[in-house]
Amino acid sequence: MVYSCLREKGQTMTKERILSGMRPSGKLHLGNYLGALQNWVQLQEAYDCFYFIADWHALTTGYADTAQVKDWVRELAIDYLGAGLDPEKSVLFVQSRVPEHAELHLLLSMLTPLPWLERVPTFREQQQELADRDLNTYGFLGYPLLQTADIIMYKAHWVPVGIDQVPHIEFSREVVRRFHHLFGTEVFPEPQPKLTDVPKLPGLDGRKMSKSYDNVIYLSDSDATLTQKVKTMVTDPARKRRTDAGDPEVCPVFDFHRVYSTAAQRQEVAQGCRTAAIGCLDCKQVLIDNMLEALQPLHERRAHYVAHPHEAMQVLEAGSQRARAMAQETMAHVRDAMHI
Ligand code: SF4
């Protein structure tokens, strides 16, 4: 099903709708960018995109310490805009600025069987991963339902997700089917996961790139910081001396080359590595030059919004108003269907 939407300039567009969001939890790193944001930027061209900052979701695991949530919302807005999300093409908004999400979540909670939530794989997995927090809470159990409300509020057809999030989308589809079955009317499209191959980038120490491992390159890192971080990255441990041959297949630096370097450059450094014709610093310098060039537009856009954070907040305010207008329409349909 394709929905028409009337944009401000008076054009009628018939594009399928995408919705996605991130929790504000601090600065974004290159893994976040390649794993999601870069794809979101591309999707803006072909889809009607709604991208939000999920500040209520941040509370489902971080309810005990909310002091920085507002700052992180602003930081995430700067990272969204720096990455190239364009308010002329996409609706960028903050979840808590559209309180209809809470109403839809509440109404859906009336009809959602508890075992459906309990069997969502991330419920147990995250409780184990975040064992230092008490996640035996109503909000944490219910977060996939809040996510469902986020998605179906805008009648989104597609949700760009990683493979681990697919059960959440299937859960949303089940909730939609149950709503339609109970109230005898079709209000929402069933959302589908949009899986995309994303380049894998390890952390500076070769493990998964993660803030908790302190092995990340932030979008906010200056050229000098990025250069320094790449220079100290781990390499093939067999290359202890400059004269030792190495194996690019076991070197995290070469994983970065796969993302940022041309095929010809990769071939050249791989051969130089295997024959010890080049040293690791030579190899890394090629990478550093390519990374700085690729990230320059992002760094420039980001620097603008760092200098003018109020502009980023104005984008969110305007986007939240647009999102809210649509959410109010959806809630009118939902209340009608539920006879309330
Ligand atoms: S030359 Fe490059 S690919 Fe080879 S071990 Fe050194 S950094 Fe890694």
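First listed ligand is number 1; within each ligand, the first listed atom is number 1.
Using a 4.5 Å cut-off between side-chain heavy atoms of Ile, Leu, Val, Met, Phe, Trp and Tyr, Met110 falls into a hydrophobic cluster with Leu106.
Taking the six-membered ring for Trp and thresholds of 30 and 60 degrees, His310 and His308 have ring planes more than 60 degrees apart, a perpendicular arrangement.
Aromatic ring centres of Tyr80 and Trp40 lie closer together than 6.0 Å.
In terms of heavy atoms, Ile151 sits closest to Pro191 at CG2-CB, 3.7 Å.
Residues that satisfy the salt bridge (Lys or Arg N to Asp or Glu O under 4.0 Å) test with Arg177, not counting sequence neighbours, are Glu170, Glu190.
Within a radius of less than 2.8 Å around atom 2 (Fe) of ligand 1, the protein N, O or S atoms are Cys283 SG.
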Side-chain donor-acceptor distances from residues 65-73 under 3.5 Å, at least two apart:
residue	atom	partner	partner atom	Å
Asp65	OD1	Ala67	N	3.4

